[in-house]
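Computed over heavy atoms, backbone and side chain alike; hydrogens, waters and symmetry mates excluded. Reminder, nothing fancy here: chain letters follow the sequence lines and each chain counts from 1.
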Amino acid sequence: MIYDVAVIGAGIIGALTARELARYKLNAVLIEKCNDVAMGTTKANSAIVHAGFDAAPGSNKAIFNVKGAELMPSVTAELGVPYSNNGSLVVAFSEDEMPELENLLKRGIENGVKELRILSAEELFELEPNISKQAVAALHAPTAGIVCPYEFAIAATENAVSNGIEFMRNCEVQAVEKAEDCSVLKTTQGDIKARVVVNAAGVFADDIARMFGDDGISIIARKGEYYLFDKAKGHVVFHTVFQCPTPMGKGVLVTPTVDGNLLIGPTALDIEDKNDTSTTYPGLMDVLNKAHKSVPEIINTRDVITAFSGLRAHSKTHDFIIGFSEKAPSLYNLAGIESPGLSAAPAIAVHAAEEIVKKLGISDLNESFNPVRERPIRFRYLDDEEMAELIKKDPRYGHIICRCETITEGEIVEAIHAPAGARDIDGVKRRTRAGMGRCQGGFCSSKVLEILSRELNIPYEEVTKAGGESRILFGRTK
Amino acid sequence: MAAALKARELGVEKIIILERSETLGGILEQCIHTGFGLHYFKEELSGPEYAGRFIEQIRQSDIDVKTNTMVIDIDSDKVVTAVGPDEGLLKIQAKAIILAMGCRERPRGALSIPGHRPAGVMTAGTAQKYVNIDGYMPGRKIVILGSGDIGLIMARRMTLEGAEVKMVCELMPYSGGLARNIVQCLDDYGIPLKLSCTVVDIHGRERVEGVTIAKVDENLRPIKGTEEYVECDTLLLSVGLIPENELSKSAGIELNCITGGPDVDEMRETSQRGVFACGNVLQVHDLVDYVTLEAQIAAEGAAEYIKSGGTDEKKYAYAVHQEGVRYIVPQKINIASEKDVDLYFRVCRIYKNSKLIVKIDGETVISKKKPKLAPGEMETIKLKKDMLSKLKEDSIVEISVEESL
Ligand SMILES: Cc1cc2nc3c(=O)[nH]c(=O)nc-3n(C[C@H](O)[C@H](O)[C@H](O)COP(=O)(O)OP(=O)(O)OC[C@H]3O[C@@H](n4cnc5c(N)ncnc54)[C@H](O)[C@@H]3O)c2cc1C
Ligand SMILES: Cc1cc2nc3c(=O)[nH]c(=O)nc-3n(C[C@H](O)[C@H](O)[C@H](O)COP(=O)(O)OP(=O)(O)OC[C@H]3O[C@@H](n4cnc5c(N)ncnc54)[C@H](O)[C@@H]3O)c2cc1C
């Protein structure tokens with residue numbers, strides 16, 4: 001069979017693009033080399049919906065960011081994804097930084113960002129009492145927000161699959177052959193034929209383009225490291241707090257997450273190995289030191305629950321590369337999607353889908369398309385009656401597996417059996433938060449393993465942390 | 001269980017135990033090694049055997065037990081909310097509550113070891129559950145970070161199961177575990193204990209392939225140039241236990257920032273009248289015997305509270321840790337207390353040939369020679385009735401270690 005479209009990469013860009021394609025009458029497949037969606041940059045970033053004052057006016061980054069941020073409340077509502085419109089602040093810590101703040105304001109207005117305003121120090125401290133008293137002013141962007149990026153990609157994929165898109169995991173595209181009327185993707189799961197191929201492979205987008213004979217793209221992986229803090233620190237700040245960029249660098253941000261934790265980071269370091277998402281001592285120390293400039297004394301490593309790092313797909317053109325490849329007309333590139341790619345994703349996806357169906361000459365809509373993906377049950381947010389009711393209906397919701405986050409067996413089973421559901425411990429964790437709390441799975445990972453083994457009907461030894469060779473157990477004891 | 005049985009013995013009639021696991025016994029169920037009960041039963045039992053003796057007594061009593069039932073909230077009016085697959089949502093109005101939720105292990109994040117985040121990094125307790133309860137091997141070549149008791153026990157356990165335990169690394173210049181465990185679990189198996197040493201990098205993208213260890217200086221910072229690569233497929237963490245006090249917090253109970261448990265008086269009553277705490281939820285214990293004794297004290301407190309209705313006003317003296325002492329439990333003593341009071345505490349580092357000094361309002365009441373003191377072994381000192389009679393409201397009871405030169 002020949003697909004109309006094959007989308008390579010199930011990050012937020014590929015997932016949302018697949019979902020937009022599902023609005024049309026066509027056959028499409030979403031291909032991911034890992035054991036799950038959102039295993040690349042989409043699972044490790046700042047999770048900010050930027051307002052859009054950062055990018056150069058007229059650039060793809062500026063255009064799609066502003067549009068994407070506008071779409072964000074409705075898309076996340078349709079997909080049942082946590083999103084909070086908490087607003088952002090860029091803080092100036094000396095009079096020297098004021099011109100840059102003015103500059104950002106001007107650029108923001110030019111980009112069409114609404115409600116931007118520069119706040120005095122007093123106004124700032126009223127909004128954010130824990131900010132360093134060194135602060136002199138701040139640019140307030142009320143339209144900015146925060147979102148859970150991996151839940152976003154998971155929900156988009158689920159919705160795409162529910163609307164007829166195929167999802168293939170553990171399917172790495174390794175080479176491409178040209179056939180008469182299609183491209184043949186040589187993958188670890190065999191050949192996949194498609195008339196149009198979408199390149200949403202994140203930091204590997206240049207490799208995919210090269211397989212198509214398009215060597216015009218060059219992606220540099222730029223690492224960003226983070227510390228994530230316990231919920232006890234979730235209210236240190238309410239807005240996303242950036243530091244005013246200086247000639248010394250962009251600084252780091254301090255932000256609450258949609259789940260109520262506190263996140264600080266990122267660093268920025270170009271690296272050779274595009275798989276290297278390790279964290280480093282110098283990187284993490286740097287993050288901590290810089291964050292202290294924004295919120296002194298409030299944060300120390302005692303409350304850290306984890307550290308992680310993500311890779312920006314930086315293109316040498318400094319802008320998103322969006323559109324059909326000139327060298328390979330059946331290849332649609334969505335490359336160099338670094339920050340603000342998450343914010344821009346909903347707008348990029350709409351645009352890409354429109355261009356692709358136009359090229360394919362498809363205009364019929366998928367009449368049964370349902371944009372809504374119900375948010376899975378979250379036991380911890382129910383009231384007493386709802387809890388009692390639910391447990392009566394299905395006792396598995398009375399069995400709490402993750403004690404830190406109060407996640408029940410019912411929720412885990414649901415996550416496994418969802419469309420494009422969880423296949424490994426990290427997949428359960430990203431979908432339900434089991435293991436994301438302060439004990440980081442110390443207690444529940446063995447129970448989650450048991451449930452995965454039972455529900456997927458695989459032996460204990462075959463349950464992995466995150467696919468591949470990441471097995472947890474090595475067989476029976478003596 | 002010990003608290004429930006004692007409360008029953010003291011005449012409390014309606015008692016319920018709420019336990020989230022399928023079984024009673026807590027952490028003891030996975031501690032299949034021996035070394036439990038030497039003080040309390042004067043016998044060397046395994047964890048399940050020790051627990052079994054209490055389970056048997058509970059069975060024969062009319063104490064209500066609900067397993068598979070997790071408490072999710074305790075409010076300030078002592079209404080306990082619990083959920084379970086069998087019970088659904090349960091609301092119980094209690095007269096008195098005894099908190100005995102135990103503790104959990106400190107995870108990797110809290111240490112912020114840099115590097116990759118592959119499978120094969122887990123706490124020693126998780127590994128213990130895989131091996132002892134599920135019967136599976138979580139690794140073959142193992143490095144253990146932290147020389148807490150669980151780490152030491154697991155070093156031996158994994159060795160007996162045929163795994164190769166390469167070393168136990170300990171950040172501090174001394175082990176946090178019991179001396180007997182170092183001998184019986186490491187020395188007897190030739191497993192090296194590397195003191196002042198930590199893991200500075202974790203290698204392997206999918207499964208652990210190795211770790212880099214390094215020596216640390218007196219500020220516990222890794223020393224450049226001392227790095228060493230150790231090939232392994234598993235890193236077990238035994239780097240401390242944290243009392244499980246989320247519920248206590250929601251009930252508005254004040255916690256102690258050193259023990260991580262509630263501040264309590266000599267009856268183990270917390271800052272909320274009628275709510276008591278004992279065992280690892282109060283302070284991390286190394287010996288179950290002391291946990292049992294502590295539970296019985298809490299039960300006496302609860303029984304007394306129910307009888308008196310908690311209307312008595314308590315006047316407190318305070319226990320203050322001084323030089324060389326990390327914390328003391330209980331933190332306060334009712335000056336009307338008529339029984340001897342045992343103070344439990346831990347020292348800050350290893351001391352040889354030193355003296356323990358107890359002062360009440362500046363006056364030395366106890367001075368005791370100690371050949372050896374170590375942070376891994378909980379110490380206890382008894383305040384006898386005659387000493388207690390010296391206590392006035394707001395008196396200060398101080399404990400310190402004096403090094404003899
Ligand atoms: C440190 C950092 C901070 C950021 N902060 C923000 C922010 O606050 N706000 C914001 O808007 N944006 C932010 N971004 C940017 C945002 O995270 C990215 O733009 C977005 O996640 C990119 O998504 P993607 O789908 O393009 O890439 P990815 O999520 O990387 O997805 C690509 C997918 O392709 C798969 N793949 C690769 N090669 C193949 C192959 N050969 N065969 C099959 N599958 C393949 C990968 O496994 C992966 O799943 C940040 C990025 C970083 C690194
Ligand atoms: C590996 C290891 C080795 C040890 N070795 C020895 C030894 O050799 N000798 C010795 O004497 N001592 C030893 N100890 C110490 C001693 O056994 C323990 O400190 C003691 O058993 C702790 O008892 P506890 O009741 O305080 O806590 P736990 O046994 O942890 O019990 C707490 C219980 O509370 C339940 N719970 C928690 N929260 C909730 C909730 N919200 N709702 C319902 N239930 C809840 C838990 O499921 C658990 O069952 C060891 C401890 C460990 C961990």
Chemist: Using atom types as modelled and distance alone, determine if a side-chain donor or acceptor of A/Lys465 lies under 3.5 Å from a backbone N or O of B/Arg117.
Modeler: yes
Chemist: By a 4.5 Å heavy-atom criterion (distance strictly below it), what part of A/Lys478 contacts chain B: side chain, backbone, both, or neither?
Modeler: both
Chemist: Whether B/Arg104 engages the ring of A/Phe443 as a cation-pi pair (distance to the six-membered ring centre under 6.0 angstrom, angle to the ring normal within 45°) should be assessed.
Modeler: no
Chemist: Answer yes or no: is there an ion pair linking A/Asp273 with B/Arg205, defined by an N-O contact shorter than 4.0 Å?
Modeler: yes
Chemist: Can you tell me which portion of A/Phe308 sits under 4.5 Å from chain B's heavy atoms? Options are side chain, backbone, both or neither.
Modeler: both
Chemist: Verify, without hydrogens or angle tests, whether B/Thr126 (side chain) and A/Gly442 (backbone) share a donor-acceptor contact under 3.5 angstrom.
Modeler: yes
Chemist: Determine, for A/Phe474 and B/Arg207, whether the Lys NZ or Arg CZ falls below 6.0 Å from the six-membered ring centre while staying within 45 degrees of the axis.
Modeler: no
Chemist: Going from OG1 on B/Thr69 to NE2 on A/His399, what distance comes out if it is rounded to the nearest 0.5 angstrom?
Modeler: 10.0 Å
Chemist: Report which part of A/Thr277 has an atom under 4.5 Å of a heavy atom belonging to chain B: side chain, backbone, both, or neither.
Modeler: both
Chemist: Pick from B/Gly204, B/Pro138, B/Gly88: which one has the most heavy-atom pairs with chain A under 4.5 Å?
Modeler: B/Pro138
Chemist: Should A/Arg471 and B/Glu206 be marked as a salt bridge (Lys or Arg N to Asp or Glu O under 4.0 Å) after you check the CA-CA gap, both sets of side-chain angles, and the distance that decides it?
Modeler: CA-CA 8 Å; A/Arg471 287 175 307 141; B/Glu206 298 186 336; over 6 Å; no
Chemist: Nearest 0.5 angstrom please: A/Ser445 OG to B/Tyr130 OH, how far?
Modeler: 4.0 Å
